[in-house]
Structures are given as C-alpha cells and as structure tokens.
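Basis for what follows: all heavy atoms, side chains included, without hydrogens, waters or symmetry-related copies. Throughout, protein chains are lettered first and strands after them, A, B, ... in sequence-line order, and every chain is numbered starting at 1.
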There are 2 protein chains.
Amino acid sequence: MEVSTADPAHAMRLPAALADGVFPAGCPSRTLLDHITSKWGVLILLALSEGGQRWSELRRRAEGVSEKMLAQTLKTLERDGLVSRKAQPVIPPRVDYSLTERGYELSALLVPLVAWAFENADDIINGQRTD
Amino acid sequence: MEVSTADPAHAMRLPAALADGVFPAGCPSRTLLDHITSKWGVLILLALSEGGQRWSELRRRAEGVSEKMLAQTLKTLERDGLVSRKAQPVIPPRVDYSLTERGYELSALLVPLVAWAFENADDIINGQRTD
DNA sequence: AGCGGTACTAACTTCCATGCCAGTACCTTA
DNA sequence: TAAGGTACTGGCATGGAAGTTAGTACCGCT
C-alpha cells in the first residue's frame, strides 16, 4: 500500500539507479560510503580539501586522532584513490598528502554537508536535554 | 595521473568559520556529524528523502537494518529534529516517518554525495581505474 | 649524551555500535 | 487455536573500530 505523503517542494529526487533510496547490503557503494563517512575519514578529507598537508599537520588539524587511526584512514583513502601520498626520501622524513582529482570531486560534495552541520550543530545538539 | 598539489581550480574552500578545516574534538558539530554519517543514519535519511514512509517499509529499504538499530537511529534523528514521527492510534499500529524542513535541507546535500559514491563505487572498490 | 621532532608499524586492550533474540499488545486470517 | 503482521523495547553477546603503548631510524639541538 502507498503512503500518500505530498512530495515537498524541496524534495530532492534520487537518481533512477538508486530509486529504492538505498542500495543492497554488502555492495561496493556501502563500502565506499563507510570509508568516506567514517569518523576520521570525513575530517581528513575535509582538512585536505584546503590543500596538501604533511602528516604532522594533519595530526594537529584532525584534533584527537591517534597516529594509528591517521595512518589507517590515510591508507584506506589512498587505496580508494582519493588521497595521494608523496614521500620524499630525505631526513628527517617528509611526506605530503593531498587530494586526487577524484578526492576533490568528493570534497566538493562533502564540504557543503559539513558546513551545514557546523551551522546547525549548536542549535540542534545544545537544545536537547542530556538525560 | 596528474595530482595537483597547489590549490586546484576545483578546490572548494571552507567557510571562514571552519578555516582550520576541522573543528575541535567533542564539539556539537562532531556529534551531529556522527549522527548523520552513521551507518544507518545515511541510509534512513536517504530513504526518507523520497517521501514519508512507514516503519516496515523503512525496514525493507534499509536492507540489513535490525529493528533495534532502526528504532535507535530514527529516535536520534527525531531528537535532532531531522525526522518527524506520526503515530496513528489505530490497530494495527501505523506510524509514518518523514523528513522535517531541516531534514530536507540536509538530504539535499546528502543525496549528491551518496549519488557520487554510487557512481564511483564499482570503479573504486573493485579495484580498477583507467586514468 | 640525551631529548625531541618526523613518519610511521605492530601488538595488545578496551569499548561501543551493532547484531541477535525474546517479549509486548492487539487484531486478522486460517 | 495458532500463526502472522504491526511497531516497537530490552537484554546479552560480539566484533570491529578505536585507543594505548612501544619500537624503529635518523637528525639537530643543547
């Protein structure tokens, strides 16, 4: 049976390919989505959207990230072709991380989302009773 | 593969307020982001972006979600003012969920992101890139 | 000589999100 | 009578994400 809810004016329709609204469990889309919406994934992508940065700078910007999670997340993102790693064989080591073309494509979509969250967060989260 | 390290043309700059690229640990923005980028949060928001739906329909669309997680996620989203719940006191029970104004604002940003993930997932996750 | 910075890796542990199952209450259909 | 659909809630279990600690290799500073 149909739910007769009027489509609001600002409803955004999904591409036909995901007309169901959601894709099947275990498909590549879910995996990718998990990578980019992971706790540190978003933050790192976001930080890198401002330009290439070194390991230690990323550590500072993604406040609270452990070295382990930074390494792990960067590795995943690199494997996905979203981040590129450039190590210079100098001493002390110097490694620069930056977004790839694809990474910038993503960040162009991610940034507005995060900006929205930033703008609405106080209003939404602080207005709640915490018990 | 060309990776532009110095401010590519399509680099999207963050709003000045989050010039650091990332916000501090434990701030409301991170909490909100966690809610909406949670495993089931995205899927449910996405499903609802197509219009109001009943509990059982959401269960089917967000393939793989357990009743517990569906309830929990919906509750969080409702608390955040992104989803509205309308229960009709009939028997058998009938409850409709839909996005609020704010929820639609969010989904307008979320949908392109998910669509992008959907389009790129095969390519990225299954390994092969051709550029 | 010893400390700190740079960029990591690995092993071990903790903890929470998630999963699985059982129960509730009422009605309908077989 | 019993099974099944609707919309949940609560308890226990667990797996994987995340945290913690330590170690590596080299250099520059004091």
| message | Tell me the interatomic distance from A/Arg30, atom CZ, to D/dG16, atom P, rounded to whole angstroms. | response | 16 Å
| query | Within the structure, does a side-chain N or O atom of B/Ser56 lie under 4.0 Å from either OP1 or OP2 of D/dA7? | reply | yes
| request: Please determine if a side-chain N or O atom of A/Trp40 lies less than 4.0 Å away from the OP1 or OP2 oxygen of D/dG19. | output: yes
| message | Taking 4.0 Å as the cut-off, does a side-chain nitrogen or oxygen of B/Arg54 come that near to OP1 or OP2 on D/dT6? | response | no
| task | Go through A/Val65 and A/Thr73 one step at a time and tell me if the side-chain contact (heavy atoms from CB on, under 4.5 Å) criterion holds. | result | CA-CA 10 Å; A/Val65 74; A/Thr73 307; 5.8 Å; no
| task | Enumerate the residues from residues 69-79 of chain A whose closest heavy atom to DNA chain D is under 4.0 Å, giving them by residue number; use none for an empty result. | result | A/Met69
| query | Side-chain N or O of B/Arg94 less than 4.0 angstrom from OP1 or OP2 on D/dT6? | reply | no
| task | Provide, to the nearest angstrom, the distance between the CG atom belonging to A/Leu58 and the C1' atom belonging to C/dA7. | result | 12 Å
| query | What closest approach, in Å, do B/Ser29 and A/Phe118 show between heavy atoms, and which atom pair accounts for it? | reply | OG-CD1, 3.5 Å
| task | For the side chain of A/Trp55, starting at C-beta, report the closest nucleotide among C/dA7, D/dA7, D/dT6. | result | C/dA7
| message | Please report the distance, rounded to the nearest Å, between CD in A/Glu67 and C1' in C/dA11. | response | 15 Å
| remark: Contacts of A/Val95 and A/Lys68 projected onto DNA chain C by closest heavy atom; the upstream (5') one is A/Val95
| task | Output yes when at least one side-chain N/O atom of B/Lys86 is less than 4.0 Å from OP1 or OP2 of D/dA7, else no. | result | no
| request: Among A/Leu82, A/Val83, A/Ile44, find the residue that satisfies the side chain to side chain contact (heavy atoms under 4.5 Å, CB included) test when tested with A/Leu99. | output: A/Val83
| Nucleotide D/dG19, atom P - distance to CD of A/Glu63 in whole Å | 13 Å
| Flag, side chain of B/Thr100 to backbone of B/Gly81, donor-acceptor distance under 3.5 Å | yes
| said: Tell me the interatomic distance from A/Arg59, atom CZ, to C/dT6, atom C1', rounded to whole angstroms. | reply: 11 Å
| Within the structure shown, what part of the strands sits under 4.0 Å from A/Ser66 by heavy-atom distance: base, sugar-phosphate, or nothing? | base
| query | Which pairs pass salt bridge (Lys or Arg N to Asp or Glu O under 4.0 Å) with one or both residues in residues 65-74 of chain A, sequence neighbours excluded? | reply | A/Arg59-A/Glu67
| message | Heavy atoms from C-beta onward define the side chain here; which of D/dT6, C/dC8, D/dA7 lies closest to that of A/Arg85? | response | C/dC8
| Check ion pair A/Asp80-A/Lys75 (N to O, under 4.0 angstrom) | no
| query | Counting distance only, does the side-chain N/O of B/Gln53 pair as donor-acceptor with the main-chain N or O of B/Gly51 below 3.5 Å? | reply | yes
| field | Spacing between B/Lys39 atom NZ and C/dC16 atom P, to the nearest angstrom | value | 18 Å
